[in-house]
Amino acid sequence: MRGKHCTRPPEGLREFFGIYSVAPQMFALFERLPRVARSDASVLIRGETGTGKELVAHAVHSLSARGKGSFQAINCATLTAELLASELFGHVRGAFTGAIRDRPGLFRQAHHGSIFLDEIAEMPLEIQARLLRVLQERNFVPLGGTDSVDVDVRVISATHRSLREESRLHRFREDLMYRVRVVPLFLPPLAERTGDVEALMWHFIDQFAAQGQRRIERVERAVLDALLAYPWPGNVRELRNAVEYACAIGEGPDYVEGDLTPELRGEPPPRVISPEPSTSGGPAAEGEAAERARIVEALRRTGGRKGEAAQLLGVDRSTLWRKLRELKIR
Ligand SMILES: Nc1ncnc2c1ncn2[C@@H]1O[C@H](COP(=O)(O)OP(=O)(O)OP(=O)(O)O)[C@@H](O)[C@H]1O
Ligand SMILES: [Mg+2]
């Protein structure tokens, strides 16, 4: 049935602590989270930007016995080493220029709660050493202080990188990696979540309508095709923005091609490598370079694990093996 417009997909959208999905991969995660939350084990959430890492971190905290305690979040990529240390571990007055009064630090504020270390791969090495000590000894000394402070904090971290790869490159301490990654959770990219592009498009359409914005009732087939073909590097956040863009610039009940963002109207490189064996002439040099770049990037992101890289590329393992041979990637 390929009419000009498409109607809503069948029911089946589930919500879990603000995370919406129709995809079996995500349902499996929803089922795992309550069990993960039960323990105090450190959790590492891995996923590309906009995949919902912060939502998952919140869910783990809320589901845990610490749910009523405090949840303190910090982005490790945005502060200098000194500021990050003082944010995390606090300082006493006079510890450094500008430290005009005592500051408790997030670890103390998160006592009996959880701390969320976002972009943990970017944490400077000297702070990694301090964090390791806190995780091992469950206490720390604030900057410029003399007395150690005991804390009971659950650590939840997130990263878009492979910590194993970062540790191989000596940018992340291996001992700390094992401490923060007791329970690893992987958030698949939006493009790999079966059915989610369409379902979440409708979800965001409804959300904006409920907020009194444009009320979209029908979606042109060409629009849906464009959304389904797009690789979504910004994942769910980017999809939400695309729908918000349509609500802001378009009007009327029909979501038409003119309401698409420039990226969606352009022709981005496909994220999926072709599953058919290449024909005699081989792919055009340009296509080959793009394909090579995508494969190398997938291997980098998965720390060289071919099974995971194949998943990321949306092909099966044997296809990836063949491509690696053809393109002489090692
Ligand atoms: N499955 C989902 N359903 C509904 N909204 C979602 C979903 N996943 C993410 N979002 C929304 O997308 C935005 C990005 O999510 P979030 O901040 O959790 O992603 P992130 O992985 O932490 O991204 P970044 O790495 O850029 O910090 C938020 O507005 C969030 O509410
Ligand atoms: Mg985030």
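Numbers here are sequence positions counted from 1.
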Practice task
Could you please spell out the steps behind the side chain to side chain donor-acceptor pair (under 3.5 Å) verdict for R237 and T49?
Solution key: CA-CA 8 Å; R237 180 186 290 117; T49 181; 3.2 Å; yes
Problem - Carboxylate-amine/guanidinium contact R103 E87, below 4.0 Å - result: yes
Exercise for the section: Report yes or no: does W321 contribute a side-chain atom to a donor-acceptor pair with the main-chain N or O of K306 at less than 3.5 Å? Expected result: no
Problem - Side-chain donor or acceptor of H61 paired with backbone N/O of G69 under 3.5 Å - result: yes
Exercise for the section: Specify whether F140 and F107 have parallel, tilted or perpendicular ring planes, treating 30° as the upper limit for parallel and 60° as the lower limit for perpendicular. Expected result: tilted
Exercise for the section: Please answer whether the main-chain N or O of V22 pairs with a side-chain N or O of D196 as donor and acceptor at a distance below 3.5 Å. Expected result: yes
Problem - N235 and T51 side chains, donor-acceptor separation under 3.5 Å - result: no
Practice task
Flag yes if more than 12 heavy atoms outside E137 fall under 6.0 Å of its CD atom; otherwise flag no.
Solution key: yes
Exercise for the section: Flag the pair R38 / L63 as yes when at least one side-chain heavy-atom distance between them is below 4.5 Å, and no otherwise. Expected result: no
Handout entry: side chain to side chain donor-acceptor pair (under 3.5 Å) contacts touching residues 74-83 (sequence neighbours left out)
Key = none
Completion exercise
Which of V197, I19, L200 passes side chain to side chain contact (heavy atoms under 4.5 Å, CB included) with V236? Answer is L200
Handout entry: Salt bridge flag under 4.0 Å for residues R218 and D254
Key = yes
Problem - Under the salt bridge (Lys or Arg N to Asp or Glu O under 4.0 Å) test, residues paired with R130 that sit two or more places apart - result: none
Practice task
Quickly, which of V134, L135, I115 forms a side chain to side chain contact (heavy atoms under 4.5 Å, CB included) with V153? Name it, please.
Solution key: I115
Problem - Close aromatic pair by centroid cut-off 6.0 Å: H58 and F17 - result: no
Handout entry: Flag, side chain of Q128 to backbone of R171, donor-acceptor distance under 3.5 Å
Key = yes
Practice task
Salt-bridge test for D259 and R214: reply yes if a basic N is under 4.0 Å from a carboxylate O, no otherwise.
Solution key: yes
Exercise for the section: Take the angle between the ring planes of F27 and F30 and call it parallel below 30°, perpendicular above 60°, tilted in between. Expected result: tilted
Handout entry: Side-chain ion pair, R161 and E122, N-O less than 4.0 Å
Key = yes
Completion exercise
Separation between SG (C247) and OH (Y255), nearest 0.5 Å, reads 8.0 Å
Problem - D206 side chain to H203 backbone, donor-acceptor under 3.5 Å - result: no
Exercise for the section: For R215, enumerate each residue passing the side chain to side chain contact (heavy atoms under 4.5 Å, CB included) test, keeping only those at least two apart in sequence or located in another chain. Expected result: A209, E217
Exercise for the section: Quick one: pull up NZ in K323 and CD1 in I329 and give me the separation to the nearest 0.5 Å. Expected result: 10.0 Å
